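These notes are about the structure you will find just below.
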Number of protein chains: 2
Amino acid sequence: MPLTGQAARALIELRARIFTGRLRAGDRLAEIPLAEALGMSRTPIRLALSALQSEGLAVPAPGGGFAVRAFTVREVDDAVALRGQLEGMAARLVAEHGVSRGLSRRLHEALDQGDAALARGVLDEEALDAYGAMNTALHAAIAEAAGNAPLSRAIAAVEALPFASASALVPSPGSAPQRHRLLTFAHQQHHLLVEALEAGQGTRAEALAREHADNARRNLRLILDSGEAEGLAALITFSDAVA
Amino acid sequence: MPLTGQAARALIELRARIFTGRLRAGDRLAEIPLAEALGMSRTPIRLALSALQSEGLAVPAPGGGFAVRAFTVREVDDAVALRGQLEGMAARLVAEHGVSRGLSRRLHEALDQGDAALARGVLDEEALDAYGAMNTALHAAIAEAAGNAPLSRAIAAVEALPFASASALVPSPGSAPQRHRLLTFAHQQHHLLVEALEAGQGTRAEALAREHADNARRNLRLILDSGEAEGLAALITFSDAVA
DNA sequence: CGCGGCCATGTTGCATGCAATGGGGCTCTC
DNA sequence: GAGAGCCCCATTGCATGCAACATGGCCGCG
């Protein structure tokens with residue numbers, strides 16, 4: 001992954017602008033304005049746009065060029081379900097292969113951090129950040145430990161989509177007490193999942209991982225139905241599909 | 001998908017050269033020779049190389065540029081296992097949502113075509129082609145009918161890898177009688193899978209789809225162990241990994 | 001007044017030019 | 001003779017130029 005290079009910079013910046021809503025769904029990605037805005041020539045922009053298409057964040061526009069992909073609610077929901085299936089596979093593989101001493105330590109560290117973040121009844125900004133980081137680390141540890149590179153790639157690909165990431169919904173939902181309840185429940189699932197992994201219960205681990213993702217799907221619908229879609233409107237089209 | 005355009009042509013041609021072994025694992029993908037060979041400038045070549053990287057067929061080379069990705073046996077095996085998990089999800093979704101009349105027709109047509117191709121004891125070239133086409137159609141029908149676009153994308157991505165495709169192993173394995181036995185068994189699994197789909201048995205359908213992929217994994221190992229790796233040596237490195 | 005065709009313009013897609021970087025080979029020295 | 005340093009060159013990555021295409025507006029015509 002070239003951290004230097006204009007094309008990489010363009011890709012990162014474009015991703016950021018899409019995720020933050022500065023570029024909204026359907027917006028045309030014209031090369032010249034982007035090149036000027038990013039202070040580079042059109043060539044690296046073109047490369048970044050092509051990569052963005054591979055990532056699924058941009059779609060070819062009629063008559064050439066690209067536009068920001070419009071995601072339907074259905075599609076985001078489907079993506080989370082897919083993530084559940086993939087993480088379920090990862091969990092099953094880990095359980096079947098056995099949990100190494102190092103992995104066990106990583107998992108329990110994450111669980112402890114989550115417990116600590118949730119220990120106080122309220123979740124301030126700092127606790128939310130800590131929980132989010134813990135969540136990312138836990139899921140990443142399991143995905144890695146599965147030892148299946150194509151699987152890891154597939155998980156990374158689906159996490160590149162907006163709101164499909166494991167910790168995408170952490171900061172958002174509802175009131176503070178409700179949020180605490182939701183995260184507490186999710187973290188209980190984490191505990192059960194680790195328990196299943198260490199007990200070598202592959203099928204149970206897979207089922208728990210799926211249920212964990214389904215939980216995220218429910219929370220997502222909660223957010224959308226509650227009209228709490230702050231930045232979401234930029235990315236999700238509430239009417240019908242734009243493939 | 002732009003069917004016209006030099007970049008698209010370059011991408012297709014490069015994919016073909018990698019799959020046919022004309023470009024071997026580890027080969028450096030230098031722009032100028034490729035541009036000359038394909039009769040175009042370096043610009044569309046660069047675009048195609050970037051896309052090839054997204055597809056996982058090329059990796060960035062140290063010091064810039066790209067090289068043909070080297071696949072380990074392990075990685076191909078993992079990719080097929082992943083395909084099984086994904087097709088298992090598709091099968092489960094289809095079973096849960098119910099099989100439409102049109103889908104049922106497509107499925108049974110495929111089953112009949114497979115039966116016909118296998119009816120004669122021997123498998124000539126034509127019968128193999130027919131079986132392969134049937135196989136592709138059957139798997140594609142189920143993947144589509146699942147109605148989960150991110151899932152379809154994921155399946156397409158994993159099928160883009162060499163030997164991970166559903167029908168990649170059809171023409172290859174072993175002697176003619178052995179091949180007939182293997183395909184007959186695989187097709188019996190097709191029958192059972194369709195039965196499960198139409199009976200709404202989601203869990204069974206998922207298990208069958210996974211088992212079907214595991215069957216492909218066994219056949220793959222059979223080929224590799226039997227030294228029948230004709231064009232495979234160009235793509236698979238039998239020593240250790242090159243990420 | 002409405003519609004069709006034409007032109008102008010903006011944009012894309014490709015080709016080419018140019019500087020920077022990294023590697024290989026040669027030579028000089030010890 | 002072996003090793004180290006230097007120079008040349010090939011290759012990449014980016015910038016820019018150019019032609020083709022599609023789009024939108026305007027004018028002329030019905």
Side-chain angles (χ1 to χ4, degrees), chain A residues 1-18 22-70 237 242-243, chain B residues 1-18 22-70 237 242-243:
Chain A
M1 195 187 294
L3 290 88
T4 78
Q6 302 283 66
R9 216 165 54 75
L11 181 57
I12 293 171
E13 180 65 26
L14 288 177
R15 270 199 289 242
R17 293 196 181 197
I18 291 175
R22 188 162 167 186
L23 286 169
R24 301 174 63 88
D27 281 359
R28 181 162 194 125
L29 294 163
E31 299 173 2
I32 298 179
L34 291 176
E36 288 177 358
L38 298 184
M40 64 186 67
S41 117
R42 288 171 45 214
T43 305
I45 297 286
R46 286 179 67 81
L47 228 55
L49 290 178
S50 174
L52 231 53
Q53 180 191 20
S54 300
E55 293 181 11
L57 291 177
V59 289
F66 296 94
V68 178
R69 164 87 170 274
T237 172
V242 172
Chain B
M1 193 189 293
L3 290 89
T4 76
Q6 301 284 67
R9 215 165 54 78
L11 181 57
I12 292 171
E13 181 64 25
L14 288 177
R15 270 199 289 242
R17 292 196 181 197
I18 291 175
R22 187 162 168 186
L23 285 169
R24 299 175 65 89
D27 281 359
R28 184 168 190 111
L29 294 163
E31 300 174 1
I32 299 179
L34 290 176
E36 288 177 358
L38 298 185
M40 64 187 69
S41 117
R42 288 171 45 214
T43 305
I45 297 286
R46 286 179 66 83
L47 228 56
L49 290 178
S50 173
L52 232 51
Q53 179 191 19
S54 299
E55 293 181 10
L57 291 177
V59 288
F66 296 93
V68 178
R69 164 88 170 274
T237 173
V242 170

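Predicted model, so just to flag it, every value in this text is computed and none were measured. Just so we're on the same page: letters track the sequence lines, and every chain starts at 1.
Here the side chain of R46(A) pairs no donor or acceptor atom with the backbone of L47(B) at under 3.5 angstrom. Proximity of a side-chain donor or acceptor of R42(A) to a complementary backbone N or O of E31(A) within less than 3.5 Å is not detected.
Taking atom CG on L47(A) and atom P on dG13(D), their separation rounds to 9 Å, with Å as the unit. Atom P of nucleotide dC14(D) and atom CG of L49(A) are separated by 14 Å, given to the nearest angstrom. Rounded to whole Å, the distance from CD on E31(B) to P on dC14(C) is 15 Å. The nearest whole Å value for the distance from the CD1 atom in I32(A) to the P atom in dG10(C) is 10 Å. In this structure, R46(B) atom CZ and dA15(C) atom P are separated by 14 Å, rounded to whole Å. Rounded to whole Å, the distance from CD on Q53(A) to P on dG13(C) is 10 Å. Atoms CD (E36(A)) and P (dT16(D)) sit 12 Å apart, rounded to a whole Å.
Across dC14(C), dT12(C), dT16(D), the shortest atom-to-atom separation from the side chain of T43(A) is found for dT16(D). In this structure, the nucleotide among dT12(D), dA15(C), dT12(C) sitting nearest to the side chain of R28(A) is dT12(C).
No side-chain heavy atom of E55(B) sits less than 4.5 Å from a side-chain heavy atom of I18(B). When side chains are defined from C-beta on, L57(A) does not count as touching L14(A), because their heavy atoms never get closer than 4.5 Å.
Dashed line: the shortest gap from a side-chain N or O of S41(A) to OP1 or OP2 of dA15(D) is under 4.0 Å. Between R42(B) and dA15(C), a side-chain N or O to OP1/OP2 separation shorter than 4.0 Å is absent.
Judged by closest nucleotide on DNA chain D, M40(A) is the one of M40(A) and G63(A) placed further toward the 5' end.
Across F66(A) and A58(A), no two heavy atoms sit closer than the pair CB-CB, 4.3 Å.
I45(A) comes within contact range of no nucleotide atom at all, as no heavy-atom separation falls under 4.0 Å. Within the 4.0 angstrom heavy-atom criterion, only backbone atoms of the sugar-phosphate kind lie near G65(A); the bases stay farther away.
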